[in-house]
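To start, the structure under review is shown below, and the notes come after it.
The sequence lines fix the lettering, A, B, ..., with proteins before strands; numbering per chain opens at 1. The structure displayed is predicted, hence computed values, not measured ones.
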2 protein chains.
Amino acid sequence: MKLEQRLSVSILLLLCATWSANGGNILVWYTEGSHWINMKPLLETLIDRGHQVTVLVPSSSMFMNTSEPSRFGYEPFNVSVSKESVEDFMKDFLHFTMNEMDHMSYIQIYIRFMDIMKASLKNSLKFLDGVLKSESIMKKLKEGKYDLLLADPVYPGSDLISEILGIPLVFSLRFSLANNWERHCGQLPAPPSFVPGAMSKLTDKMDFPERLWNFLFYALQDIVLDNIFWKVLDKYYSEVKGTPTSACELMGRADIWLMRAYWDFDFPRPFLPNFKFVGGIHCRPAKPLPEDMEEFVQSSGDAGIVVFTLGSIIKNITTEKANMIASALAQVPQKVLWRYSGEKPATLGANTRLFDWIPQNDLLGHPKTRAFITHGGTNGIYEAIYHGVPMVGIPMFADQPDNMVHVQAKGAAVTVDLNFMKTEDLRDAVNTVINEKSYKENALWLSSIHHDRPMSPRDEAVFWIEFTMRNKGAEHLRVQAHVLTWYQYHSLDVLAFLLAIVLILVLLFVKTCSFCFRRCCGRKGKTKRKAE
Amino acid sequence: MKLEQRLSVSILLLLCATWSANGGNILVWYTEGSHWINMKPLLETLIDRGHQVTVLVPSSSMFMNTSEPSRFGYEPFNVSVSKESVEDFMKDFLHFTMNEMDHMSYIQIYIRFMDIMKASLKNSLKFLDGVLKSESIMKKLKEGKYDLLLADPVYPGSDLISEILGIPLVFSLRFSLANNWERHCGQLPAPPSFVPGAMSKLTDKMDFPERLWNFLFYALQDIVLDNIFWKVLDKYYSEVKGTPTSACELMGRADIWLMRAYWDFDFPRPFLPNFKFVGGIHCRPAKPLPEDMEEFVQSSGDAGIVVFTLGSIIKNITTEKANMIASALAQVPQKVLWRYSGEKPATLGANTRLFDWIPQNDLLGHPKTRAFITHGGTNGIYEAIYHGVPMVGIPMFADQPDNMVHVQAKGAAVTVDLNFMKTEDLRDAVNTVINEKSYKENALWLSSIHHDRPMSPRDEAVFWIEFTMRNKGAEHLRVQAHVLTWYQYHSLDVLAFLLAIVLILVLLFVKTCSFCFRRCCGRKGKTKRKAE
């Protein structure tokens with residue numbers, strides 16, 4: 001018997017297959033720094049798969065260069081903040097975290113930090129103005145017939161725009177402070193007893209004081225963010241929409257949250273069907289090094305090399321610190337490749353070479369690489385995990401200290417403090433991660449976890465972006481928690497009701513008893529009195 | 001420059017690839033009925049991938065036939081329960097759910113249900129005795145050098161055996177009553193406000209009374225299971241191990257929980273990294289029908305066919321009910337294929353044909369199939385979802401009513417009650433799901449969700465089974481919640497501590513105030529008195 005063309009499922013599958021050939025039209029929200037570095041490889045893959053990618057670029061962007069030849073379409077827009085003032089703001093922030101903080105009390109740090117957050121949000125809203133309040137840009141976006149908005153929510157407003165344009169929204173997020181956005185807007189459960197808040201510098205193994213601190217950490221950050229972030233954003237959103245609007249609720253409408261972490265780096269935790277963990281989305285196999293660099297690397301012999309960079313933002317440090325670091329590096333038997341564009345330190349050893357730029361991923365994937373000295377940015381850490389390289393962390397700001405706590409807890413890194421370390425601390429740290437076998441073994445174990453999963457993180461991210469476009473959303477992955485109030489979510493109304501019932505029953509019981517008692521004793525009393 | 005053989009990661013990946021060629025040695029825990037039907041295709045796939053599969057089979061198994069030619073190795077063992085008494089037990093259970101329940105009060109049903117559960121556990125422990133207390137079987141298992149134990153935990157004891165053998169454990173589970181095992185042993189979070197308990201017949205959209213009921217449902221089932229299940233099991237495990245042992249804790253050591261559900265059928269809910277949702281693991285494309293069946297199906301013309309079965313356990317119903325059903329089916333314009341081995345009903349229409357057995361999946365995947373009348377077992381529902389067929393549910397026992405609530409909530413089914421329905425109810429239900437477009441559309445939408453995921457459920461299950469063997473466990477996916485007590489998990493100790501601090505502060509404040517007040521007023525008082 002001939003097989004008939006069987007059922008609608010085949011048609012559906014066919015639809016899915018042909019879909020990617022037709023290609024979707026993706027709008028990408030502006031972002032900056034390492035966030036943009038991380039986003040680019042994903043966009044490249046989307047273009048490889050036949051999608052059209054258009055990136056919103058603010059006029060004052062430091063990292064997004066629209067004049068560079070690229071396969072992305074760019075949609076530039078003007079903002080009232082100059083590039084210089086953005087750079088100044090960044091410099092101020094770095095100066096605060098790297099120099100000022102050591103001489104300040106916790107309260108002072110907190111107040112300063114809140115000021116910075118307020119200023120940052122103010123700037124962000126000026127960027128958002130550049131899109132939302134520009135008639136020509138909004139017209140272009142509406143006429144662009146985009147299928148999806150892809151955004152790193154670190155720059156707010158993408159949720160509002162996606163709603164105005166009526167298109168699905170996919171987030172790519174590393175984390176928010178104390179996971180405030182994921183918890184309150186995304187409904188991600190996070191019991192403080194074993195889920196350390198992002199930036200808390202805690203692991204998932206907590207004793208009582210740590211659990212107490214984690215609990216307070218969540219609560220305190222929630223209060224701070226409510227007051228300096230959500231209040232401002234709610235006001236802005238309400239003004240734009242002309243009706244009271246909760247920005248957090250709008251953020252919660254995102255169809256998919258692509259979280260840039262995985263269980264190689266993050267601690268296992270509860271999550272939701274529309275949260276996909278795609279840490280290492282930007283990683284790729286190493287390519288050959290430039291010839292002169294390869295020559296230098298090969299000259300290291302069996303000792304191998306150490307790769308050292310403080311990331312894409314920090315290019316220079318003080319002369320004093322540079323000298324201290326250089327003299328530590330001079331004492332290790334490896335050759336060292338140091339990305340550093342400051343003045344050549346006087347103590348620089350013959351084994352150390354300075355570079356304005358290094359092909360970090362290719363170096364980390366080189367078989368001669370023994371260790372990676374890093375500021376602890378997620379991108380770099382993930383490249384080291386990908387290639388199984390143990391790390392020495394010199395974390396400085398933002399998520400870096402917290403990131404290093406993760407890798408250190410997993411036994412693949414040693415952390416030193418830039419402000420307090422001495423020459424021998426750095427030297428010993430490098431020697432430790434290279435000579436103590438466990439560090440390399442753990443780095444390889446993390447690498448194995450990273451690679452041994454059903455799908456590469458980039459493929460998984462692409463899958464869910466395409467899924468969302470194909471299905472015009474991902475409503476079936478959204479928990480009903482989104483429609484509950486906080487007291488409903490925690491069943492506090494149910495508990496209150498049950499408690500009320502119990503109280504009423506107890507009261508009824510007591511009243512009945514006392515009534516019976518009074519009737520009984522009352523009669524006796526009366527009888528007694530009569531008898532008297 | 002020549003590319004050197006780059007890094008350990010390539011070696012790791014190579015290891016993963018070559019590994020499946022070498023094949024693992026998998027021990028499979030005994031199971032029964034639809035659980036076994038569901039397990040078989042997974043085992044077939046594991047064998048296809050080069051693994052050795054050995055299945056433990058009790059002497060009184062109803063469904064596992066060791067004399068049938070098969071590619072599995074069988075490890076038969078004797079149990080003190082006869083096949084007849086297992087069958088009698090099943091008959092009793094069916095009689096209770098299908099006939100007795102309607103004439104009983106809730107309390108009576110509950111008491112009877114608890115008796116059944118107690119008897120069932122008693123039987124299960126006799127099965128476990130057959131493995132654990134047989135020296136020869138235990139010797140064989142120890143010498144078998146198994147890499148992994150794969151178990152449907154519906155028959156308890158696999159966790160104990162996996163611990164004794166010192167091998168990783170992977171569960172394949174549909175659910176436990178009120179998700180008691182997943183929540184308490186697996187640490188799966190389940191806020192009662194939006195996660196309906198399994199068997200509660202609730203959806204994720206609950207109003208206040210429903211949330212109240214769900215809350216009580218969880219609590220009540222937990223109390224019942226604590227008393228009639230865990231207490232007994234703890235005692236058994238403790239006796240075997242010679243030390244106080246928590247059976248739930250042992251169950252929680254499972255490396256991976258393969259949950260036989262997905263967001264096509266289940267409501268979205270929080271889950272954990274070691275919970276993988278592989279609903280529809282047994283589904284496959286339809287194969288051609290036997291020639292005479294295909295002829296009958298083709299004779300239906302444009303009207304198409306209706307497929308009707310009450311599952312692998314129910315083969316007959318009362319004559320009265322059979323007549324009522326037959327007369328309903330006689331009134332639909334479709335041809336009906338009814339799996340029924342009882343006496344031919346007098347009211348059987350010319351459009352209905354009875355079969356002792358039907359190739360259910362192949363029929364559901366046939367382009368002429370318009371509807372599926374089902375008892376609501378998960379296997380059948382998943383086949384209907386796979387092929388996008390709307391359903392009429394006649395649920396009877398176990399998870400069937402709850403299953404039908406799910407598909408009905410998703411708009412792909414209508415449910416009727418076997419005990420109370422009339423001829424026209426069934427006829428109307430069939431006509432509704434066939435003629436009202438939305439049912440077919442929703443069934444196709446569920447089918448689309450089912451198919452449109454990164455990996456097929458069977459591939460995903462196989463991946464995690466192989467992963468667990470490759471890595472001798474999956475510790476990195478296990479949340480730290482496992483080591484916390486219930487009050488630590490919910491931060492109640494932290495809250496109590498904070499409350500205590502607040503109380504002390506308030507008390508100190510009140511004491512200080514009253515002290516000051518007394519000093520002040522006291523003096524005044526003294527002065528006054530002196531003046532008097």
Side-chain angles (χ1 to χ4, degrees), chain A residues 1 3-9 12-13 16 189 191-194 204-205 208 211-212 215 263-264 267-274 285-286 288 291 294 365-367 386-388 444 447-449 451-452 454-455 460 463 467 470-471 476-481 484 488-491 493-494 497, chain B residues 1 3-9 12-13 16 189 191-194 204-205 208 211-212 215 263-264 267-274 285-286 288 291 294 365-367 386-388 444 447-449 451-452 454-455 460 463 467 470-471 476-481 484 488-491 493-494 497:
Chain A
M1 194 193 69
L3 241 180
E4 290 193 41
Q5 200 199 354
R6 305 239 152 186
L7 80 144
S8 6
V9 166
L12 275 167
L13 289 175
C16 300
S193 50
F194 68 99
D204 58 346
K205 290 181 188 71
F208 180 79
R211 285 192 293 110
L212 176 66
F215 187 95
W263 320 119
D264 44 7
F267 304 112
R269 55 164 297 148
F271 61 104
L272 298 172
N274 63 340
E291 216 160 318
E294 177 68 29
H366 198 285
Y386 183 94
H387 296 293
L444 283 175
S447 183
S448 152
I449 294 172
H451 290 278
D452 196 359
M455 217 175 189
E460 197 174 345
F463 178 89
F467 180 96
R470 263 198 299 275
N471 298 289
H476 68 290
L477 300 179
R478 243 174 94 86
V479 287
Q480 275 298 312
L484 300 175
Q488 287 174 332
Y489 182 101
H490 294 288
S491 295
D493 52 349
V494 167
F497 178 80
Chain B
M1 192 192 67
L3 239 180
E4 289 193 42
Q5 198 197 355
R6 303 240 154 182
L7 78 142
S8 9
V9 167
L12 275 167
L13 288 175
C16 299
S193 50
F194 68 98
D204 59 345
K205 289 180 189 73
F208 180 79
R211 285 193 292 109
L212 176 66
F215 187 94
W263 319 118
D264 43 8
F267 304 111
R269 54 164 298 149
F271 60 106
L272 298 172
N274 64 339
E291 216 162 317
E294 177 67 29
H366 198 285
Y386 183 94
H387 296 295
L444 283 175
S447 183
S448 151
I449 294 172
H451 290 278
D452 197 358
M455 216 176 191
E460 196 174 346
F463 179 89
F467 180 96
R470 262 197 300 275
N471 298 290
H476 69 291
L477 300 180
R478 242 176 95 86
V479 287
Q480 275 298 312
L484 300 175
Q488 286 174 333
Y489 181 101
H490 294 288
S491 295
D493 53 348
V494 167
F497 178 81

>> On a heavy-atom basis, which atom in B:L477 and which in A:W263 lie closest, and how many Å separate them?
In response: CD2-CD1, 3.4 Å
> What pair of heavy atoms forms the shortest contact from B:F467 to A:D452, and how long is it?
Replying inline: CE1-O, 3.2 Å
>> Return the CD to CZ distance between A:Q488 and B:F194, rounded to the nearest 0.5 Å.
In response: 12.5 Å
> Using a cut-off of under 4.5 Å for heavy-atom pairs, which of B:Y489, B:F267, B:F497 has the most such pairs with chain A?
Replying inline: B:Y489
> Should the ring pair B:F271 and A:F271 be called parallel, tilted or perpendicular, given that the plane angle runs from 0 to 90° and is split at 30 and 60?
Replying inline: tilted
Per-residue contact mode, [X] against chain B (heavy atom under 4.5 angstrom):
| X | result |
| --- | --- |
| A:L484 | side chain |
| A:N471 | side chain |
| A:P191 | side chain |

> Quick one: side chain to side chain contact (heavy atoms under 4.5 Å, CB included) partners of A:P454, sequence neighbours excluded?
Replying inline: B:M455, B:F463, B:W464
> Is it the side chain or the backbone of B:P270 that comes within 4.5 Å of chain A heavy atoms, both, or neither?
Replying inline: both
> Contact part of B:P189 toward chain A, heavy-atom cut-off under 4.5 Å: side chain, backbone, both or neither?
Replying inline: side chain
> For A:R211, what residues pass the side-chain hydrogen bond (donor to acceptor under 3.5 Å, both in side chains) criterion, not counting sequence neighbours?
Replying inline: B:D493
